[in-house]
Participant: 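Encoded as C-alpha cells, here's the structure I'll be asking about.
Position 1 is the first residue of the sequence, and the numbers go up from there. Everything quoted here is computed from the prediction, not taken from an experiment. Both ligands and their constituent atoms are indexed starting at 1 by order of listing.
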Amino acid sequence: MFKSITAFALLFGLGMTTVVQADEWRYAMEEGLTDPQGMYATQFKSYIEQNSDHTIQIYPVGALGESADAMEQALAGLIQFIDQSPGFTGAMIPEAEAFLVPYVQPTDPQEVRRYFKEGKAVNEMFHEIYREHGLELLSVFPEGEQVVTTMKPFRNPDELTGMKIRTMPSPLLLETYKAFGASPIAMSWGELIGALKTNMVDGQENPAIWIEAYDLDNLAPVLTYTGHAQYTTAVMANADFYDGLSAADQKLIQDAAAHAQDYILDAAVKMDEIGLMKIRNTNPDAVINRLTDAERAVFMERAKVVEQAYIEKAGERGRKIIEQMKQDLAAARK
Ligand code: 6CS
C-alpha cells in the first residue's frame with residue numbers, strides 16, 4: 001500500500017507539482033582547464049552540478065573558435081556562459097577597457113585580492129554596462145600582473161621604440177603601447193605563437209602563469225615587470241537566457257559564481273609567484289627585469305594620455321570608474 005502511494009505520488013503528485021527540469025548549459029572560455037579561467041569554470045560547474053540537476057559543458061579555448069567567435073555565439077544564445085577578458089570585450093564595450101588603463105590596479109598579490117574582493121569599481125560599476133550589451137556579468141577576477149616579454153631588454157620608452165608588441169585586440173591597448181614608445185600590433189591569441197616564431201612581432205604582454213604555461217618565455221626571453229596592469233577577466237551569462245530562468249536557478253548561478261570567485265581569488269594570490277618560479281627553474285636564458293620606481297614613473301607619465309583617451313571614449317561613466325578604481329587602489333594598499 002505504502003509503496004503504491006509513493007509510486008503514485010512520484011508519478012502524478014510530485015511529478016506534476018514540482019517539475020524539475022535538468023538543462024545542459026554551455027560555457028565557453030579563452031583558456032584551458034588547468035589555466036585560471038579553467039579553474040574558475042571547473043568550480044562553477046561543480047557547484048551547479050552538486051546543487052541542481054543541471055549540467056555544464058565547458059568549451060576550452062579553440063573548441064568554438066577564437067574569443068570573438070565564442071562571444072558571437074554567446075550573444076546569439078547558443079552558449080549560456082562565457083569567460084571573455086576586457087582585452088577582447090573592450091572593442092564592443094568601451095567602458096570595460098577601464099581594466100586596461102595603466103597604473104590604476106595593484107600588483108602586490110594581497111592588494112590585488114582586496115581590490116577585487118572589496119573594490120566598488122569592480123563589484124558595483126560594470127553590471128549595468130554589460131547588461132546594455134545583453135550580458136549578465138557574474139564575476140571579474142585577476143590572473144596576475146601583466147609582464148612584457150621581449151627579445152631585447154628595455155627600461156624606458158626610448159628602448160621600446162621600434163619594438164613590435166602584440167596586444168589583444170583592444171583599441172586602448174594599442175594606445176597604451178604607442179604611448180609607451182612601442183609599435184603595437186593587435187592580434188588574437190591563436191596567431192601570437194606563430195607571430196613570435198616568425199619575428200612578425202618582437203614581444204607581447206601576459207601574466208607569468210600564462211607565459212610559463214604556453215612557453216612564451218622561450219620565444220621572447222626578457223621579462224619586464226612594468227607594474228602597469230593586472231590581467232583581468234570576466235564571466236558572463238547571456239542576459240535573455242538568465243532572465244528566462246526561475247528565481248531559484250538565478251540564485252543558483254549567482255551562488256555558483258560567488259563560490260568560484262572566492263576560490264579563484266584565493267588561488268590568484270599565488271599565481272605570479274608560481275609562474276615566475278617555474279620560469280626560473282626551467283628557462284636558464286630568461287632575464288627578469290623589474291623596473292625601479294623611477295623607471296616606472298616615466299611610464300606612468302606616458303600613461304596619462306591613455307587614461308584621457310579612455311575617458312574620452314567611455315564618457316562621464318568612464319571618468320567615474322577610473323576615479324573609483326584609484327580610490328579602491330588606495331584602499332587596497334592600506
Ligand atoms: O593573450 C591572450 O590573448 C590570452 N591571455 C590570457 C592570460 N588568457 C586568454 C587570452 O586569450
Participant: Considering only protein heavy atoms, which is closest to atom 10 (C) of ligand 1, and at what distance to one decimal place?
Facilitator: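 I find the closest protein heavy atom is Y231 OH, 3.4 Å.
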Participant: For Y214 and E31, test the side chains for any donor-to-acceptor distance below 3.5 angstrom and give the result as yes or no.
Facilitator: no
Participant: For ligand 1, which atoms have a heavy atom of E143 less than 4.0 angstrom away?
Facilitator: 7 (C)
Participant: For atom 1 (O) of ligand 1, which protein heavy atom lies nearest, and how many Å away is it?
Facilitator: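 Here the nearest protein heavy atom works out to R166 NH1, 2.8 Å.
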Participant: Out of curiosity, Q37 CD to T233 OG1, how far, rounded to the nearest 0.5 Å?
Facilitator: 4.0 Å
Participant: Indicate, as side chain, backbone, both or neither, the part of N206 found under 4.0 angstrom from ligand 1 when only non-hydrogen atoms are considered.
Facilitator: side chain
Participant: Enumerate the atoms of ligand 1 whose separation from the nearest heavy atom of E30 is less than 4.0 angstrom.
Facilitator: 9 (C)
Participant: Regarding H127 and E136, do their side chains bring together a donor and an acceptor under 3.5 Å, going by distance alone?
Facilitator: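 A donor-acceptor contact under 3.5 Å links the two side chains.
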Participant: Students should be able to answer this: which protein heavy-atom is nearest to atom 8 (N) of ligand 1, and at what distance?
Facilitator: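 Heavy-atom neighbour on the protein nearest atom 8 (N) of ligand 1: E31 OE2, 2.7 Å.
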Participant: Assign the ring pair Y27 / Y40 to parallel, tilted or perpendicular, where the plane angle (0 to 90°) is split at 30° and 60°.
Facilitator: tilted
Participant: Nearest 0.5 Å, what's the OG1-CZ distance between T226 and F180?
Facilitator: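 Result: 6.0 Å between the selected atoms.
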